[in-house]
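Note sheet for the following structure.
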Amino acid sequence: MVKSMRNIGIMAHIDAGKTTTTERILYYAGKSHRIGEVDDGEAVMDWMEQEQERGITIQSAATTIYWKEVQINIIDTPGHVDFTAEVERSLRVLDGAVAIFDSVRGVEPQTETVWHQAERYRVPCICYVNKMDRVGADFFQVLADIAGKLGAEAPAIQIPIGKESEFEGVLDLIEMQEIRWEDAEGERMRVSRITEEYSAWAREGREKLIDALSRHSDLITERYLAGEDLSPDLLRQELRKAVLTRRLFPVLAGASRRNRGVQPLLDAIAWYLPAPDEARPGMGHHLKKDLEIPIPYDPAGQPLGLVFKIQNDREAGSLCYVRMYAGSIKPGQMVFNVGKKKRERANRLLRMHANKSDPLDALAAGDIGVIIGLKSAQTGDTLGSEGYPVILEKMQFPEPVISVAIEPKTSSEQDKLRDILAILSKEDPTFTTKENEETGQLIISGMGELHLDVLVTRILKEFRVEAKVGNPQVTYRESVSREAEHSQVFSKVLGGKENAAGVTIQVQPLPRGTGNRYTCEVKRSDIPEAIFDAVERGITGAFAGGIVLGYPCIDVGAVLKDLQYSELTGTEFAFEACGSLGFDEACRAAGPILLEPVMSVMLNSPKEFVGDAISLITQRGGQVLSIDSKPKTDEIKILAPLAQMFGFMTALRSVSQGRASFTMEFSHFEAKAD
């Protein structure tokens, strides 16, 4: 029954308790027989060796549980900013999400990032304020933070009873009852009427909840004004409608580490998050009609699914994680890769539980599973049928900004290293590999120091390749600072035949973030189309080759102003080469500039070390944008050049006695200061 299915993700900032909460969900739903702890390296969902060693989630892991007859497909996503593409991939295919907040820190930088990703894909969310047992926990401050920083209307449907070491349970504002957990494992809940001590508090909380609901529900408003009783079922029904349309984001409270608050969270997932047929239809591009079309849930339609993640398995090969939007796929069935126009056989279908699996008889619309046997599939590919040529919307991934050189210790390992790099870049779209033409070195690029460190460790340990790795280097870009025009002539005799071409190209700077743009202003009357295509290939190919230092060009506009063509000597080869050379020369005359990546840094520091932390940042060319004062710490928002941030963590720890921390993500490119 699709009505009893939920596809959800668990998302939050690093260390807010995503994996810890997911481990409790698995335990209470009977999927695991003991609670795995992240700190002990025993979490079921953190199955990679590096995840267990580092105590963080690196790859999103999928599992399926059953809670009160509802099938819940869960994806536990990473929280560290370097792995934001993993979250992006997951949110693209999920119908709902649970956003977890640290009760002490509130809305943190990566929480904002994943919240805006969920916003982009219109994913309904419920909120869970975790770690209510920690010193400094403040449930109502987190509510204010959600409203202020995320601009979300988030009414509490639970209020914590006590806080810090005195956190005992929650007040359920829908049923108007107290919930307390009686044993260490949190399996036994005691539900009772609200005592006199908390009744005024509960009434006030319920009034706020009804007030928020009445703004989005005429039925609640009418019943409330008529003085009628608002039953729990009615409140849940109207709250569900508001959640599905992303108008309200109900908030629950708990302390997952102490096994409190997880069962009501599971109930909320079943009650408020959408089934596949209630979720917003995916969008697709019909290739023949050249139209954007909605993809409604249709179990009887043509099969249509999105490959949202590739994972390499030593024995099985590529595991293709697929979300089905319509139709179904059975084991042994031929499927059509719409983008690559290839037919491949789905040899086996699996239901994943972290790194373990169970066979599936069919992968039906609305479900998430793994297909084995697709050799050419990549992240973002659409699986469908030839009779229905629709490509589901492509996923956008940020540019890698940090690189290291890697080379095998022996020449015999060269081919093995290349094969492994190909596997890793197929798994991770934000990991790129290229060969430096001048030095012959292999250069690998990623999202940050941790991202590259994890990948390099996998190459050395998991794949057992003996390799030498250089120090991290910044990936710069090049652009132009003014307009310039250049006429280029090309002539070469090859095989006794003259190949000649002439072009006039104008280049100009474009606003940052626009990207490169090629336009043609030459009339196409008596010149073959293939010649224009050759010039365009030459110019667009030169974008990646750089101007002076060989870094890719960005934000450059190239205009073909004139073209000298002769039927006797004009060839595609000549015009492609002429376009490339002409673009290079025009850029050299247009004041080429080097652009460096600037990072958005969010620094959390205890108040007594704020001065030292800011001093450290300004010494490295950083610019403080704002300081947000919290009860125990200050949150400092900074822009800083990436080149100056290497080794910053060590320096920050030494001036703050190890108590300050920071996260960093790419913001934009700007001209490098001399």
Side-chain angles (χ1 to χ4, degrees), residues 398-407 432-446 470-492 501-519 534-562 574-599 621 639-646 666-674:
E399 288 271 318
V401 292
I402 187 167
S403 307
V404 296
I406 184 166
E407 57 184 61
T432 60
T433 309
K434 70 172 184 179
E435 191 170 321
N436 187 310
E437 290 176 10
E438 292 174 11
T439 63
Q441 280 183 312
L442 280 170
I443 308 292
I444 58 175
S445 305
N471 291 325
Q473 302 290 322
V474 175
T475 304
Y476 292 99
R477 297 287 185 273
E478 292 186 72
S479 193
V480 295
S481 59
R482 59 177 181 266
E483 197 174 287
E485 196 170 289
H486 176 76
S487 295
Q488 180 74 30
V489 176
F490 178 88
S491 179
K492 195 160 196 172
V503 295
T504 301
I505 296 168
Q506 181 194 70
V507 295
Q508 59 201 45
L510 298 177
R512 284 291 158 263
T514 309
N516 296 320
R517 191 167 63 214
Y518 168 77
T519 48
V535 176
E536 184 173 351
R537 278 198 306 276
I539 292 175
T540 53
F543 284 147
I547 303 167
V548 180
L549 299 169
Y551 294 110
C553 295
I554 61 167
D555 305 330
V556 177
V559 183
L560 181 63
K561 291 291 212 181
D562 193 19
F575 276 95
E576 186 170 341
C578 193
S580 179
L581 292 168
F583 174 78
D584 281 351
E585 291 301 323
C587 285
R588 286 172 190 271
I593 52 172
L594 187 63
L595 302 174
E596 66 177 341
V598 174
M599 309 302 281
L639 285 177
L642 174 60
Q644 303 298 322
M645 294 303 288
F646 291 140
F666 172 72
S667 173
H668 62 278
F669 283 101
E670 72 175 38
K672 188 177 186 304
D674 293 331

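Within the 3.5 Å criterion, the main-chain N or O of Gly515 finds a donor-acceptor partner in the side chain of Asp555. Judged purely by atom type and a 3.5 angstrom limit, Ser479 uses its side chain to pair as donor or acceptor with the backbone of Ile554. Counting only distance, with no hydrogens or angles, the side chain of Thr514 and the backbone of Pro511 share a donor-acceptor pair below 3.5 Å. Between the side chain of Thr540 and the main chain of Glu536, a donor-acceptor pair closer than 3.5 Å is present.
Between Leu639 and Ser667 the shortest side-chain heavy-atom distance falls below 4.5 Å. Contact check for Val480 versus Ile547: side-chain heavy atoms found under the 4.5 Å cut-off.
Across all non-hydrogen atoms, the minimal contact from Thr504 to Ser487 is OG1-OG, 2.9 Å. The shortest non-hydrogen separation linking Ala586 to Ile505 is CB-O, 4.0 Å. Heavy atoms only, all atoms of each residue included: Gly621 and Pro641 are closest at O-CD, 3.5 Å. Here the closest non-hydrogen pair linking Asn516 and Cys553 is ND2-O, 2.9 Å.
Counting only residues at least two apart or on different chains, no salt bridge (charged side-chain N to carboxylate O under 4.0 Å, His left out) pair has a member in residues 478-490. For the salt bridge (charged side-chain N to carboxylate O under 4.0 Å, His left out) condition, no pair includes a residue of residues 578-595, sequence neighbours left out. Residues in residues 502-511 take part in no salt bridge (charged side-chain N to carboxylate O under 4.0 Å, His left out) pair, two or more places apart or across chains.
Aromatic pair Phe583/Phe543: centroids less than 6.0 angstrom apart.
With sequence neighbours left out, Tyr551 forms a ring pair (Phe, Tyr, Trp, His ring centres under 6.0 Å) with Tyr476. The side chain to side chain donor-acceptor pair (under 3.5 Å) search around Glu670 returns His668, not counting sequence neighbours.
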Could you give the side-chain donor-acceptor pairs of residues 590-597 under 3.5 Å, partners two or more places apart or in another chain?
none

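Environment of CZ in Arg517: sparse, with no more than 12 heavy atoms of neighbouring residues, nucleotides or ligands closer than 6.0 Å.
Once rounded to the nearest 0.5 Å, the distance linking CD of Glu576 with CZ of Phe490 reads 10.5 Å. Distance OG1/Thr433 to CD1/Ile444: 6.5 Å, rounded to 0.5 Å. Atom CD of Gln488 and atom OG of Ser580 lie 9.5 Å apart (nearest 0.5 Å).
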